[in-house]
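In what follows, a single structure is set out as structure tokens and then discussed.
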Amino acid sequence: MRIATWNVNSIRTRMRQVKDWLEEEKPDLLCIQETKVDDPLFPEKELTEDGYEVCFHGQKAYNGVALISRHPLKDVRLGLTGELPNDEQAEQLGVQKRVISALVNDIRVVNLYVPNGSAVGSEKYKYKIQWLKCLNRYLRAQLKRDEPLCLLGDFNIALEARDIHNPERLSGGIMASKEERDALEIALGGRLQDVFRTFEPSTDHWSWWDYRSGAWDRDKGWRIDHIYLCEELIKHAKSCAIHKKTRGNVQPSDHAPVIAEIDWPYVEREEGEDEINNPFNY
DNA sequence: ATGTCGAAATCGTTTCGA
């Protein structure tokens with residue numbers, strides 16, 4: 001099973017590129033962020049006519065998330081609510097459409113667009129920290145369910161120095177401050193592994209390049225788009241790649257897709273099954 | 001550190017968010 005995340009920065013502006021990428025890669029599931037469109041205006045038909053099942057949770061101009069799937073989307077959930085009853089904080093934070101989740105091939109997939117936070121100490125930064133604390137509570141409840149979990153999306157946080165092109169200058173600033181890094185680590189709770197890092201330990205792998213300051217031309221990027229897997233799934237992870245090429249498209253998103261391959265659904269082989277099922281048994 | 005984007009309203013130029 002191949003699962004991808006991509007902040008498309010407006011689905012309506014990027015639809016041609018999304019369709020081209022889907023045609024080339026044929027992932028089982030694509031999770032997108034920053035759709036920037038109200039639900040009634042989501043271009044659903046353009047995807048369903050290509051054989052995808054789609055669910056979305058959007059708003060005008062800002063935020064918005066969606067799932068585009070070759071498999072049935074079951075038990076779709078919107079926002080960080082639904083885990084704890086009468087969760088006022090989750091309800092309040094749910095005004096901004098940043099979370100959509102579903103069961104896909106028995107995997108609980110949670111697609112996130114974490115707040116950017118603007119500048120350390122700002123009102124938006126405080127909101128980001130509150131939001132991450134709420135995510136922590138949501139994941140604590142989710143992990144108790146014993147469903148295989150895949151948490152992915154645009155985290156707007158580079159957790160380590162190797163995830164930033166210039167850690168000396170940028171560490172401590174927005175997307176790299178201690179408080180937001182700690183808040184994300186706590187939410188991950190030592191139970192979720194960044195699948196990209198299980199295959200690639202080195203720096204100079206980015207998923208986002210600012211439109212400004214010629215960041216793409218100078219390859220000055222950040223790795224802020226992640227795919228986290230629970231223990232059970234990480235055992236079956238086969239690869240993880242950043243599709244940097246799309247950032248070089250005409251009128252690109254500022255983010256590139258990240259895609260992971262998992263050997264799933266995984267069927268445990270019985271002792272002697274090879275001999276029974278393989279008539280050539282050599 | 002901001003030189004660029006995308007969307008919306010204040011409408012063709014400005015404002016906000018990233």
Side-chain angles (χ1 to χ4, degrees), chain A residues 5-21 31-44 46 56-66 93-99 111-132 135 152-159 161 163-177 179-181 183-184 206-226 242-258:
Chain A
T5 175
W6 192 6
N7 179 324
V8 296
N9 188 11
S10 171
I11 187 58
R12 287 179 292 180
T13 295
R14 225 65 67 197
M15 186 50 100
R16 186 65 259 158
Q17 288 176 56
V18 169
K19 286 181 72 136
D20 288 348
W21 188 81
C31 305
I32 59 173
Q33 305 87 32
E34 279 205 273
T35 57
K36 294 186 173 180
V37 65
D38 240 332
D39 291 345
L41 295 175
F42 189 94
E44 185 176 13
E46 287 192 65
F56 39 84
H57 185 44
Q59 66 182 94
K60 189 165 68 174
Y62 309 112
N63 312 318
V65 282
L93 292 170
V95 171
Q96 297 186 17
K97 311 305 183 197
R98 297 178 174 278
V99 184
N111 177 24
L112 301 181
Y113 176 48
V114 177
N116 168 282
S118 188
V120 175
S122 67
E123 283 306 311
K124 291 193 179 76
Y125 182 80
K126 288 170 194 161
Y127 180 87
K128 184 179 196 174
I129 299 299
Q130 285 309 111
W131 196 93
L132 289 165
L135 174 66
L152 77 177
D154 175 1
F155 286 79
N156 269 316
I157 295 172
L159 276 176
D163 299 322
I164 320 174
H165 66 270
N166 186 345
E168 293 73 23
R169 180 167 64 84
L170 300 166
S171 291
I174 196 62
M175 301 193 292
S177 70
E179 198 181 356
E180 63 193 291
R181 283 172 164 175
L184 177 55
W206 322 126
S207 66
W208 173 74
W209 295 259
D210 202 324
Y211 286 127
R212 296 166 291 186
S213 313
W216 168 247
D217 293 325
R218 300 187 297 136
D219 197 26
K220 303 289 187 191
W222 298 58
R223 199 180 68 85
I224 57 176
D225 301 271
H226 312 146
I242 301 173
H243 285 203
K244 189 175 175 179
K245 192 182 86 175
T246 65
R247 184 62 176 79
N249 287 351
V250 175
Q251 203 182 23
S253 167
D254 44 354
H255 296 253
V258 184

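The sequence lines fix the lettering, A, B, ..., with proteins before strands; numbering per chain opens at 1.
- One interatomic measurement links the two molecules: CZ of Arg169(A) to P of dT2(B), which rounds to 11 Å at whole-angstrom precision.
- Between the CH2 atom of Trp209(A) and the P atom of dG3(B) there is a distance of 22 Å, rounded to whole Å.
- Listed by chain and residue number, Arg12(A), Val37(A) satisfy the side-chain contact (heavy atoms from CB on, under 4.5 Å) test with Leu41(A) (two or more places apart in sequence, or in another chain).
- Here dG6(B) presents its P atom at 17 Å from CD of Gln33(A), a figure rounded to the nearest Å.
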Donor-acceptor list for residues 215-222 of chain A side chains, cut-off 3.5 Å, not counting sequence neighbours:
unit_1    : atom_1 : unit_2    : atom_2 : d
Arg218(A) : NE     : Ser213(A) : O      : 3.2
Arg218(A) : NH2    : Ser213(A) : O      : 3.1
Asp219(A) : OD1    : Trp209(A) : NE1    : 3.0

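- Distance noted for atom P between dT10(B) and dT15(B): 12 Å (whole Å).
- Following rounding to the nearest Å, Asn7(A) (CG) and dG17(B) (P) show an atom-to-atom distance of 17 Å.
- Shown here are the side chain to side chain donor-acceptor pair (under 3.5 Å) partners of Gln17(A), two or more places apart in sequence or in another chain: Asn249(A).
- With sequence neighbours excluded, the residues satisfying ring pair (Phe, Tyr, Trp, His ring centres under 6.0 Å) with Phe42(A) are Phe56(A).
- Considering only heavy atoms from C-beta on, Leu170(A) comes within 4.5 Å of His165(A) through its side chain.
- Distance, His255(A) NE2 to dC5(B) P: 15 Å, rounded to whole Å.
- If Ser213(A) and Gln96(A) are placed on DNA chain B by their nearest nucleotide, the residue sitting closer to the 5' end is Ser213(A).
- Going from atom CG of Asn116(A) over to atom P of dC16(B) covers 16 Å, rounded to whole Å.
- Across the C1' atoms, dA1(B) and dA18(B) are found 15 Å apart, a figure rounded to whole Å.
- Arg218(A) comes within 4.0 angstrom of a nucleotide base, judged by non-hydrogen atoms across all strands.
- Residues meeting the ring pair (Phe, Tyr, Trp, His ring centres under 6.0 Å) test with His226(A), sequence neighbours left out: Phe155(A), Tyr228(A).
- Taking atom CZ of Arg98(A) as the reference point, atom P of dA18(B) lies 7 Å away to the nearest angstrom.
- Comparing dT13(B) with dT2(B), their P atoms sit 26 Å apart, to the nearest whole Å.
- Rounded to whole Å, the distance from CH2 on Trp208(A) to C1' on dA18(B) is 7 Å.
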Next on the checklist: I need a per-nucleotide contact map over nucleotides 7-15 of chain B, read 5' to 3'. Cutoff is protein heavy atoms under 4.0 Å; write B for the base, S for backbone only, - otherwise.
Outcome noted: SSS------

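- Side-chain N/O atoms of Arg212(A) and base N/O atoms of dA1(B) include no donor-acceptor pair closer than 3.5 Å.
- Taking atom P in both dC11(B) and dG6(B), one finds a spacing of 23 Å when rounded to whole Å.
- In this structure the side chain of His57(A) never reaches within 4.5 angstrom of the side chain of Val99(A), judged on heavy atoms.
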